[in-house]
Amino acid sequence: MSAEPRRVSHPAAAPPGPVVTVPAVPDDEPGLWPHGISRRATMRISDALAALHVEFPTMSPSRLRFLEDQGLVLPERTPAGYRKYSPADVERVRYVLRQQRDRYLPLKVIGEQLAALDAGQTTEPVPRARLATRDGVAATRQRWSVGTLAADAGVPDSFVADLVDAGVLRPGPRGIFEAGDLEVVHAAVRLAQHGIDPRHLRAFRTSADRQLDLIEQVVAPLREQKVNAGTAQAGSLAAEIGELCAQMHTALLRSAVAHLA
């Protein structure tokens, strides 16, 4: 007999009282997607975030709770009220984040996809997490200096320094670079092969900054709520709009380039 999906409501403003713990769905019974992955809730929220940070280093507790508020993940609660996640819960969150990042889908559409997967109307394999490693050791978050960023990108240190001087790359405190900066260097390398040097890329940074200003205007009302749910929703909305802006830029550029043929 199929196990009933776990549906537990935890309103933020609910008065204190006993919290009902929902038993974990046994591993050998069908339930919410994904199937074939343990649904034994043994992970704290910090454990779930550590697993997600391998691929999504900016994932935060507030964003994870926001996805719960949207009904996209349903962690169990201990008698003391603490959330407990299973490996299946983590993969479910990973699916949501990948659909946002890779396919630019809004949460409403992702929720509909998950509902179809839960009902067995569609199928979806569970991909493995893409681990970031250095010297064969898994890392939860990759950070680089000028030297290590250049080494990983296969370019001289001076090339990364030129990108910084041109304002294309902006290192954080103490000169640390993040994962997205490696993608920028890789793209800059390919453009340099066509004679487009780092100094020519300032316009890309200027355009990105202007689009960021626009996104900040859209999400500002949510950030001003100064509550975890509003902050998480702002982050999710900003990521979605950012991907749509990138898609729009690509579409416009492709259309313009087509006229050069």
Under the side chain to side chain contact (heavy atoms under 4.5 Å, CB included) test, which residues partner [X], sequence neighbours left out?
X      : result
Arg44  : Ser46, Asp47, Lys84
Gln99  : Tyr95, Arg103, Leu105, Ile110, Gln113
Leu252 : Met248
Gln121 : Ala116, Ala119

Let me check something: any side-chain donor-acceptor pairs from residues 185-199 under 3.5 Å, sequence neighbours excluded? List them with distances.
from	atom 1	to	atom 2	distance (Å)
Asp197	OD2	Arg199	NH1	3.1

Test question: given the 4.5 Å side-chain rule for I, L, V, M, F, W and Y, name all other residues clustered with Leu214, or answer none. none
Members besides Ile176 in its Ile/Leu/Val/Met/Phe/Trp/Tyr cluster (side-chain heavy atoms under 4.5 Å): none
Partner set under side chain to side chain donor-acceptor pair (under 3.5 Å) for [X], not counting sequence neighbours:
X      : result
Ser207 : Gln211
Ser145 : Thr148
Arg205 : none

Could you check if a side-chain atom of Leu67 sits within less than 4.5 angstrom of a side-chain atom of Met59, using non-hydrogen atoms only?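 Sidechains of Met59 and Leu67: in contact.
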Restricting to pairs with a member in residues 154-171, which pass side-chain hydrogen bond (donor to acceptor under 3.5 Å, both in side chains), not counting sequence neighbours?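 Residue pairs with at least one partner in residues 154-171: Arg170-Asp209.
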